[in-house]
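Lettering follows sequence order; numbering is per chain, from 1. These figures come from a predicted structure and were not determined experimentally.
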Amino acid sequence: MLTADEPDPRPAGPDDVAAGPPGGTGAPRHADDGQSELDGVVRTIGRRARRTNLTRAAQLCTALSRAEAGELDPIARQQATELAHQLVGSAGTFGFGAASELAGQLEDFFGAGVFDEPGLQAARRQLEALGDQLQGEPSD
Amino acid sequence: MTTLDPQPADRADPARPARPTRHVLVVDDDELLREVARAALELVGGWRVTTVLSGAEAQRQAQALRPDAILLDVMMPGLDGPGTVSGLRQDDRTRDIPIVFLTAKLPAGDHPAWNHLDLAGVISKPFDPMTLAADMAHLLGWGSEPRDADG
């Protein structure tokens with residue numbers, strides 16, 4: 001059974017913040033201030049996302065190995081498809097556009113469930129390229 | 001009833017009444033995407049943001065908070081995006097809340113299967129955090145939001 005990501009340890013519920021943007025309700029802020037601050041926030045979150053996405057890529061590698069051995073059951077295949085789907089959104093949002101596209105191809109591969117030799121070889125190349133991309137720096 | 005937070009008077013005309021802050025409910029099972037969407041909508045949009053990680057919780061919070069809009073992931077475990085919308089549309093308290101899908105499943109402009117959901121729009125994943133607020137404002141018809149450069 002493919003191991004899924006660790007579930008969110010926090011109870012499901014509103015993750016509310018203080019009303020209004022950071023800085024309270026003082027003088028209006030310039031749009032650039034918001035953009036600059038957002039850029040910093042995205043970089044910080046992006047570092048965490050990179051670790052998460054590398055873990056997802058490793059789990060996809062495990063799934064692919066099982067597919068190559070003819071041992072990937074339907075539940076594990078669905079989990080692999082979902083992992084790839086998560087990578088599409090997360091990798092791309094945090095600046096790894098090429099990795100996002102590769103993840104999309106892997107999502108299609110696992111989703112189709114056709115594990116012939118050409119497909120497996122192509123998926124292996126895509127997964128290796130995906131890992132290389134995620135190990136590098138965001139480029140988008 | 002949505003609580004409105006008055007914003008400071010416009011810098012260009014201090015006599016103008018403060019504009020209430022929009023309140024957006026963000027729904028995504030990916031914690032980090034929730035965080036970046038929250039930051040984008042707060043810091044650039046100037047909006048108030050509540051985040052939840054499931055469709056079921058989204059329905060509960062939408063009933064309680066009556067947000068001005070919902071940004072909703074499509075593929076989530078349990079109740080997915082379309083299922084969440086269907087539930088919201090059946091409740092008088094939430095039926096009219098505009099909803100924007102956020103999804104990697106289909107390109108933004110190609111979603112005939114969702115026509116019956118009466119969505120305000122679709123934003124594709126991956127999304128650009130820098131333009132998320134502007135993209136949402138455009139889909140929702142929220143005028144000149146996000147904040148102008150003059151504040």
Practice task
Check whether more than 12 heavy atoms from other residues, nucleotides or ligands sit under 6.0 Å from atom CD of A/Gln105, and answer yes or no.
Solution key: yes

Practice task
Among the options B/Ala58, B/Ala56, B/Ala39, pick out the one with the most heavy-atom pairs lying under 4.5 Å from chain A.
Solution key: B/Ala39

Hydrophobic cluster identity match, [X] and [Y], side-chain contacts under 4.5 Å:
X        : Y        : answer
B/Leu132 : B/Met130 : yes
A/Leu120 : A/Leu106 : yes
B/Ile97  : B/Leu79  : no
A/Phe115 : A/Leu64  : yes
A/Leu54  : A/Leu130 : yes

Problem - Identified side-chain contact (heavy atoms from CB on, under 4.5 Å) counterpart of B/Pro129 within the set A/Val41, A/Ile45, A/Val42 - result: A/Val42

Problem - Toward chain A, the part of B/Asp128 with a non-hydrogen atom under 4.5 Å - result: neither

Find the distance between [atom1] ([X]) and [atom2] ([Y]) and round it off to the nearest 0.5 Å.
X       : Y       : atom1 : atom2 : value
A/Arg48 : B/Glu31 : CZ    : CD    : 5.5 Å
B/Leu32 : A/Asn53 : CG    : CG    : 8.0 Å
B/Leu33 : A/Gln86 : CG    : CD    : 9.5 Å

Exercise for the section: Check the pair B/Lys125 / A/Val88 against side-chain contact (heavy atoms from CB on, under 4.5 Å), numbers first and verdict last. Expected result: CA-CA 7 Å; B/Lys125 283 183 180 178; A/Val88 171; 5.7 Å; no

Fill in the blank from the handout: From the list A/Gly104, A/Gly89, A/Gly46, the residue making the most non-hydrogen contacts under 4.5 Å with chain B is A/Gly89

Completion exercise
For A/Arg56 and B/Asp30 the tightest heavy-atom approach is NH2-OD2, 3.2 Å

Completion exercise
Under 4.5 Å to a heavy atom of chain B? For A/Ser100 that would be side chain

Problem - Side-chain heavy atoms of A/Leu38 within contact of B/Glu42, under 4.5 Å - result: no

